[in-house]
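Just follow the structure's listing: the first ligand is 1, and inside any ligand the first atom is 1.
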Amino acid sequence: MVKICCIGAGYVGGPTMAVIALKCPKIEVVVVDIFEPRIIAWNSDQLPIYEPGLDDVVKKCRGKNLFFSKDVEKHVAEADIVFVSVNTPTKTQGLGAGKAADLTYWESAARMIADVSKSDKIVVEKSTVPVKTAEAIEKILTHNSKGINFQILSNPEFLAEGTAIQDLFNPDRVLIGGRETPEGQKAIQALKDVYAHWVPAERIICTNLWSAELSKLAANAFLAQRISSVNAMSALCEATGADVSEVSHAIGKDTRIGPKFLNASVGFGGSCFQKDILNLVYICECNGLSEVANYWKQVVQVNEYQKTRFVNRVVSSMFNTVSGKKIAILGFAFKKDTGDTRETPAIGVCQGLLGDKAILSIYDPQVPQELIQRDLSMHKSELDKPPHLRPMNSVAIEQVTCVGDAYEATKGAHGICILTEWDEFKTLDYKKIYNNMNKPAFVFDGRNLVDIDKLRQIGFIVYSIGKPLDAWLKDMPAVA
Ligand code: UDX
Ligand code: UDX
Ligand code: ADP
């Protein structure tokens with residue numbers, strides 16, 4: 001029986017291993033983590049991450065061929081294939097701070113693997129890491145190997161949060177990079193055999209190590225670039241009277257462009273896009289490619305601009321001040337169907353509004369109050385870390401309350417900001433909400449989710465990203 005061990009029971013390691021266990025009943029899969037509460041949660045009815053369909057998969061295999069354990073060393077020692085899916089935040093200090101990936105967790109995992117191994121192993125890079133990390137890891141492993149053979153593979157994960165199970169069941173492609181030696185090719189084949197249980201052979205792409213590592217960064221950079229491109233267009237649409245949804249639809253019909261990932265928004269978030277682009281920028285700079293670095297940097301800058309533009313729009317619409325005004329924030333997660341807040345645009349928007357002394361009432365169906373308070377009181381450089389690795393800040397922000405539903409959040413508010421596209425926000429009783437708000441009542445839709453005409457009929461002044469502006473908004477000071 002092949003044994004797989006995955007180091008890191010997070011958003012990537014947990015769901016990926018659960019699906020491998022489900023699809024490969026003859027393989028034993030153990031997911032290990034040094035953070036014990038996470039392991040306890042994986043072994044309970046309340047899984048540590050919210051992901052549609054995940055509960056079912058875990059229930060079907062847990063205790064059979066899927067296990068969660070804090071006994072990291074034991075399970076690594078017993079495994080044939082070790083996936084490494086630890087966190088790789090952006091460095092906050094020292095060389096490359098703010099751009100380079102912090103490989104501390106990776107390095108310590110690699111040293112531990114070398115320490116405890118007594119048999120040959122395939123070590124699989126699963127977390128996004130800078131190009132050439134595999135080489136560094138290979139050096140750590142072989143210099144400490146005591147005669148054991150380690151083969152390093154890069155097998156980047158392309159799942160998106162909220163659709164992880166679907167993405168894992170039916171991936172566009174599985175990418176496996178390895179050494180071009182006979183041993184390297186044998187290792188690639190062994191991992192291919194795992195995926196071949198459910199992924200058609202033509203969707204399994206095999207490349208060299210560097211291509212696999214770079215493809216992951218490139219895929220995320222291209223996806224983020226599409227969003228920044230459409231968001232840049234949204235600013236121009238507002239200035240000209242064009243409608244960004246119509247523009248997206250029209251350009252998406254070109255098969256060379258394609259229709260997906262063209263939704264204008266208040267900005268992209270999530271643990272990957274910004275981190276991976278900054279990483280790419282850093283690698284370019286290290287290689288003396290400053291023009292290429294500047295090109296990609298602009299994708300992040302436009303994303304920042306989009307958040308600032310949104311805040312400016314809110315403030316300028318409301319007579320240039322939100323001081324002391326209650327603003328309802330609907331949605332805090334970086335996208336719907338997840339409770340994850342890493343790099344969520346909601347943080348930047350809320351901090352911007354707080355900077356203008358607004359009173360915020362926040363509702364998100366999945367994000368707990370403590371996490372919201374912690375995110376809003378934190379320094380930007382800490383924000384892409386998973387919640388348990390962020391410093392605790394016990395000082396709750398007085399201007400912020402978190403409430404249990406959208407009606408409570410909006411009661412007595414002057415304005416509503418929709419920051420996550422949760423389905424339930426589409427079907428709210430906006431007439432009732434309007435009646436309970438201060439007038440004029442504003443809706444700022446950062447996800448183009450509401451029916452603008454319907455809301456305007458009710459009496460709201462509505463701003464939607466990239467849509468023709470209300471007469472009211474046109475009369476207000478220009479937004480930079
Ligand atoms: C992303 C990649 O999609 C995935 O392949 C990779 O493995 C990890 O990073 P994820 O961050 O989970 O996945 O979510 P994704 O659906 O890509 O959304 C990222 C951000 O972009 C979200 O904030 C989302 O709201 C935003 N977005 C997405 C838009 O603003 N507009 C769009 O059209 C699509
Ligand atoms: C383009 C648009 O494709 C077309 O829709 C529009 O109406 C006019 O502009 P055209 O300039 O005729 O058409 O050729 P196109 O095939 O788009 O190529 C433009 C340039 O991009 C060429 O120099 C081509 O060699 C280059 N190119 C194209 C690349 O370098 N790489 C590619 O992958 C595709
Ligand atoms: P991702 O989104 O990439 O899955 P997460 O931050 O959600 O990242 O998960 C990474 C997990 O890896 C965390 O739960 C962390 O505790 C765990 N981890 C980090 N270093 C080690 C290590 N050396 N051994 C075991 N687990 C580790």
Fill in: ligand 1 to S271 polar contact by distance, N or O atoms, under 3.5 Å
no

Worksheet item: Looking only at distance, does P345 have an N or O less than 3.5 Å from an N or O of ligand 1?
Response: no

Practice prompt. Work out whether the distance between some heavy atom of K260 and some atom of ligand 1 is less than 4.0 Å.
Written response: no

Practice prompt. Determine whether more than 12 heavy atoms belonging to other residues, nucleotides or ligands lie under 6.0 Å from atom CG of D45.
Written response: no

Discussion item. For Q93, is the CD atom crowded, meaning more than 12 foreign heavy atoms sit under 6.0 Å from it?
Written reply: no

Worksheet entry | Part of R226 within contact of ligand 1 (heavy atoms, under 4.0 Å) | neither

Discussion item. Does this structure show an ion pair linking D243 with K467, if we count only N-O contacts that are shorter than 4.0 Å?
Written reply: yes

Item to complete: Show your reasoning for whether side-chain hydrogen bond (donor to acceptor under 3.5 Å, both in side chains) applies to R447 and S464.
Response: CA-CA 8 Å; R447 295 290 181 168; S464 262; over 6 Å; no

Worksheet item: Can you find an N or O of I227 that's nearer than 3.5 Å to an N or O of ligand 1?
Response: no

Worksheet item: Can you list, by chain and residue number, every protein residue with a non-hydrogen atom closer than 4.0 Å to ligand 2?
Response: R256

Worksheet item: According to the interplanar angle, ranging from 0 to 90°, do the rings of F222 and W296 count as parallel (below 30°), tilted (30 to 60°) or perpendicular (above 60°)?
Response: tilted

Worksheet item: Is the NZ atom of K70 crowded by more than 12 outside heavy atoms at less than 6.0 Å?
Response: no

Practice prompt. Please determine if F268 has a nitrogen or oxygen closer than 3.5 Å to a nitrogen or oxygen of ligand 1.
Written response: no

Worksheet item: Any idea which atoms of ligand 3 are less than 4.0 Å away from a heavy-atom of F35?
Response: 16 (O)

Fill in: Close N or O approach (E421, ligand 1; < 3.5 Å)
no

Practice prompt. Decide whether an N or O pair under 3.5 Å exists between S127 and ligand 3.
Written response: no

Worksheet item: Which is it for C272 and ligand 1 at heavy atoms under 4.0 Å: side chain, backbone, both or neither?
Response: side chain

Practice prompt. Check each atom of ligand 1 against the heavy atoms of S265 and keep those under 4.0 Å away; list them by number with element.
Written response: 29 (C), 30 (O)

Practice prompt. Tell me, yes or no, whether the heavy-atom count around H197 atom NE2, taken from other residues, nucleotides or ligands under 6.0 Å, exceeds 12.
Written response: yes

Worksheet item: Any heavy atom of R342 sitting closer than 4.0 Å to ligand 3?
Response: yes

Practice prompt. Taking only Lys NZ, Arg NE, NH1 and NH2, and the carboxylate oxygens of Asp or Glu, determine whether D423 and K426 approach each other closer than 4.0 Å.
Written response: yes

Worksheet, complete the sentence: Here the atoms of ligand 1 under 4.0 Å from any heavy atom belonging to G269 are 19 (C), 20 (C), 22 (C), 23 (O)

Discussion item. Under a plain distance cut-off of 3.5 Å, with no hydrogens placed, do S211 and N208 share a side-chain donor-acceptor pair?
Written reply: yes

Discussion item. Does this structure show an ion pair linking K74 with E78, if we count only N-O contacts that are shorter than 4.0 Å?
Written reply: yes

Discussion item. Taking the basic N atoms (NZ, or NE/NH1/NH2) and the acidic carboxylate oxygens, is any pair closer than 4.0 Å for R309 and E238?
Written reply: yes

Discussion item. Which option wins on minimum heavy-atom distance to atom 16 (O) of ligand 3: V72, D33, V86?
Written reply: D33

Fill in: Pair K126 + E157: basic N to acidic O under 4.0 Å
yes

Worksheet entry | ligand 1 contact on L262 by region, counting heavy-atom pairs under 4.0 Å | backbone

Worksheet item: Does M112 approach ligand 3 within less than 4.0 angstrom via side chain, backbone, both or neither, non-hydrogen atoms only?
Response: neither

Fill in: Under 4.0 Å to a heavy atom of G10 - the qualifying atoms of ligand 3, by number
4 (O), 5 (P), 7 (O), 9 (O)

Worksheet entry | Cationic N near anionic O, under 4.0 Å, K336 to E161 | no

Practice prompt. Kindly check if the number of other-residue, nucleotide or ligand heavy atoms within 6.0 Å of NZ (K260) is above 12?
Written response: no

Worksheet entry | Element-labelled atoms of ligand 1 that are located less than 4.0 Å from some non-hydrogen atom of K216 | 6 (C), 7 (O)

Practice prompt. Tell me, yes or no, whether the heavy-atom count around M233 atom CE, taken from other residues, nucleotides or ligands under 6.0 Å, exceeds 12.
Written response: no

Item to complete: Check whether any side-chain heavy atom of I416 sits under 4.5 Å from a side-chain heavy atom of F444, and report yes or no.
Response: no

Discussion item. Is it the case that ligand 1 has an N or O less than 3.5 angstrom from some N or O of L159?
Written reply: yes

Discussion item. If we set the cut-off at 4.0 Å for heavy atoms, which region of K336 has an atom near ligand 1: side chain, backbone, both, or neither?
Written reply: neither

Worksheet entry | Atoms in ligand 3 with a heavy atom of S108 nearer than 4.0 Å | 23 (N)

Practice prompt. Between V12 and ligand 3, find which residue part has any heavy-atom pair under 4.0 Å and reply side chain, backbone, both or neither.
Written response: both

Worksheet item: Does a donor on one side chain and an acceptor on the other come within less than 3.5 Å for K275 and T88?
Response: yes

